[in-house]
2 protein chains.
Amino acid sequence: MGNNLKAIAEELNLSISTVSRALNNTGRVSEETRRMVMDSARKHNYTPNRVAQSLRKKRTNMVGLIVPDIGDYFSQVIKGTESELSANGYSMILADSHEDPIKEANYIKLMYQSQVDALILATVSDDFRWTKIYQDSRIPVIFFDNEPDSLQCNKVVLNNIKATEIAVDHLVRLGHKDIALICGNVKESTAKFRRDGFVEAMKKHNLEVNSNLIKEGLYYLDAGYSSMEELILNKNENPFSAVIVSTYMLSCSAIHAIRDYGLSYPKDFSFIGFDIEDSDRLFSPSITSVLQPGKQIGKLMVHRLLQSIESYDSLSSDEEFSVSFVNPVIKIGESTALFKKENN
Amino acid sequence: MGNNLKAIAEELNLSISTVSRALNNTGRVSEETRRMVMDSARKHNYTPNRVAQSLRKKRTNMVGLIVPDIGDYFSQVIKGTESELSANGYSMILADSHEDPIKEANYIKLMYQSQVDALILATVSDDFRWTKIYQDSRIPVIFFDNEPDSLQCNKVVLNNIKATEIAVDHLVRLGHKDIALICGNVKESTAKFRRDGFVEAMKKHNLEVNSNLIKEGLYYLDAGYSSMEELILNKNENPFSAVIVSTYMLSCSAIHAIRDYGLSYPKDFSFIGFDIEDSDRLFSPSITSVLQPGKQIGKLMVHRLLQSIESYDSLSSDEEFSVSFVNPVIKIGESTALFKKENN
DNA sequence: CGTGCGAGATCCATAAATACA
DNA sequence: ATGTATTTATGGATCTCGCAC
């Protein structure tokens, strides 16, 4: 005895279609048979087979999410994505590319085969030929985190300019003037925007931008460490009272450098990290940090995708690609303090 | 032009089944038609529709994972689960119950409807009536983290006895004798085992167990804080040179208490936390901690499940439920130091 | 003419049985 | 008897069409 429509139909001597209509409240069914069907369904512990539904409806109610690494910041995005999806009747297939473009490509294909209704992707690749296939199948795709600037696509990205701007603002409020920046390789757009935000904010406050205080960690493996090291070693010639770091990895290694040189924040200088969440407040001193609102990013992406799915269904208007910006927030900790003369 | 078997079959004037056999290397197909089919498939960008495959094969190659909270320790389990699943050709549907038994129940039902081939669950509920439905459908289920002791089931759990034992061992090696323990409510089996492990380890080392130094954080909202507080305030009457905390949440709040009382480890006493990973080594001083090997737990669970799936397929032996224990590890940090007289 | 219901097609792929050389 | 291909049934649900009363 299978618990499918057929089982119920046979028990009640009805046709499968009638049972289906009774359960879905679609089409015409008499009140009496409806009740009988309902009862039998309860008895059989019937639940619709989603696989069969998906095949028929050409809709799986599943969305794929591919991230380079489950954990840290991405956990937040995953969490936000999942809860927003589930609130709208969708499930999430999660995949971890381990920062490997080949694995990522396999997952992209797998998600396609799995007939996901939409795909969310933090890519580590620069090959976007596959997007055509998704376009042809009208499966909306949205990018986040690493924005493929070579590609016309939907994306939700951090307002990178603001990310460093709010950090500068905070430091200026505290009286700092000589502010250093450690950013990534500015050939990547994210790093570039964050540097630009820093420069613009400095200008806005009528502060001089000392290019010796801007460290564009290039291709070093541990760019944050060496950048911080350079700043510390040249502090006499190029004094600074505060440092802003513009990515999480750079923040970690910069902190290691500070520690190795026997320095500490905010005593020797103020420090602003990036994406250092510390939600359980275990750090001491706590670290002032710019944060990407991961959950919000997840929610926003799902929102956009569901809109796309709907609009694809009704009129097939070749809509424009949407780029949404999310504002960073700054979490004030103890690593930043009022400017004191001794800092410089 | 759909990219399905039918499209290829029509193009080549073959039947759908022939095309299927050619692509799957099953049954007999002439070398010539095989090549033609392959070529056409490439041209059409054909990939099998997994939904249709699933319906036919009664196997989705998807496994459900439900956790109470995406993040922290669970991220590790999720990561381990995902990579082991994907290495075996399975995908993962991830759900976050937000510690809500009702949401959890809905997800359990949803996973069932989605026809997952197996279910992994860190439950927050004590209602296990649904397991019968899974049993009837021969869908293997495995529990972790919170073990339902009222239920005969598959589970992978931490060797909780060892978790506190290795902490005691470490402290004894450092010369500590008066060791305090903050554990959860011992009415829950996890907390009880961890307390037992502590007591046994103390006895093993011929150390006296001072019951005043064992704080079973009961139903307080912030049990870790108040337990630590009590230990500190009564340090004169009940001296100790080291503290072990047996859950992550308790560790966090215990640390807050230590900080609030102006104390620090390892100066005032040694401290061993629980599940304080700090993989990027940002803590200073770094914290010695017992860790649950989350990734390993994930991998192990998948391993067990795939075995079950296989065995269900071949002989339907009503196999016993398997309970697997995973050994905790201890990460040595700077919060534990050699015993000094001043400690007591 | 409308209400209740059933037959059959469809979604797409797989697999067993059968037909044709 | 042997290799190749087609027919047909199957999985479970949905949906259009049309038949009766």
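A:Ser40 and A:Tyr46 are not linked by any side-chain donor-acceptor pair at a separation below 3.5 angstrom, with hydrogens and angles left out of the test. For the residue pair A:Thr33/A:Ser30, the side-chain donor-acceptor check at 3.5 Å is satisfied.
Under the rule for a side chain to side chain contact (heavy atoms under 4.5 Å, CB included), A:Lys58 has no partner lying at least two apart in sequence or in another chain. Under the side chain to side chain contact (heavy atoms under 4.5 Å, CB included) criterion, A:Asn45 pairs with B:Ile133, not counting sequence neighbours. Applying the ring pair (Phe, Tyr, Trp, His ring centres under 6.0 Å) test to B:Phe143 and every residue at least two apart in sequence or in another chain returns B:Phe128. Scanning for ring pair (Phe, Tyr, Trp, His ring centres under 6.0 Å) contacts around B:Tyr134 gives B:Tyr112, B:Trp130, with sequence neighbours left out. Annotation: salt bridge (Lys or Arg N to Asp or Glu O under 4.0 Å) contacts of B:Glu99 (sequence neighbours excluded): none.
Rounded to whole Å, the distance from CE on B:Met36 to C1' on D:dA5 is 13 Å. Between the C1' atom of D:dT14 and the CZ atom of A:Arg59 lies a distance of 14 Å, rounded to the nearest Å. Here the C1' atom of nucleotide C:dG4 and the CG atom of A:Leu12 are 15 Å apart, to the nearest Å. Atom-to-atom, CG of A:Asp117 to C1' of C:dC11 comes out at 15 Å; the value is rounded to the nearest Å. Atom P of nucleotide D:dT6 and atom CZ of B:Arg21 are separated by 8 Å, given to the nearest angstrom. Between the CD atom of A:Glu31 and the C1' atom of C:dC5 there is a distance of 15 Å, rounded to whole Å. Following rounding to the nearest Å, B:Glu32 (CD) and D:dG3 (C1') show an atom-to-atom distance of 14 Å. The CD-C1' distance, from B:Glu10 to D:dT6, rounds to 15 Å in whole Å.
Within the nucleic acid shown, A:Thr33 comes within 4.0 Å of sugar-phosphate atoms alone, with no base atom in reach, counting heavy atoms only.
Distances shown here put every side-chain N or O of B:Ser30 at or beyond 4.0 Å from the OP1 or OP2 atom of D:dG3. Within the structure, every side-chain polar atom (N or O) of B:Thr18 is placed at least 4.0 Å from both OP1 and OP2 of D:dA5.
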(request) Going 5' to 3' through nucleotides 8-13 of chain D, assign each nucleotide B (protein heavy atom under 4.0 Å from a base atom), S (under 4.0 Å only from sugar-phosphate atoms) or - (no protein heavy atom that close). (result) -BBBBB
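Sorted by first then second residue, the salt bridge (Lys or Arg N to Asp or Glu O under 4.0 Å) pairs that include residues 77-97 of chain B, not counting sequence neighbours, are A:Asp69-B:Lys79, A:Lys79-B:Asp96, A:Asp96-B:Lys79, B:Glu84-B:Lys299. For residues 114-134 of chain A, the salt bridge (Lys or Arg N to Asp or Glu O under 4.0 Å) pairs, not counting sequence neighbours, are A:Asp127-A:Arg129, A:Lys132-A:Asp136.
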Restricting to nitrogen or oxygen on both sides, can you table the protein-nucleotides 18-21 of chain D pairs closer than 3.5 Å?
none

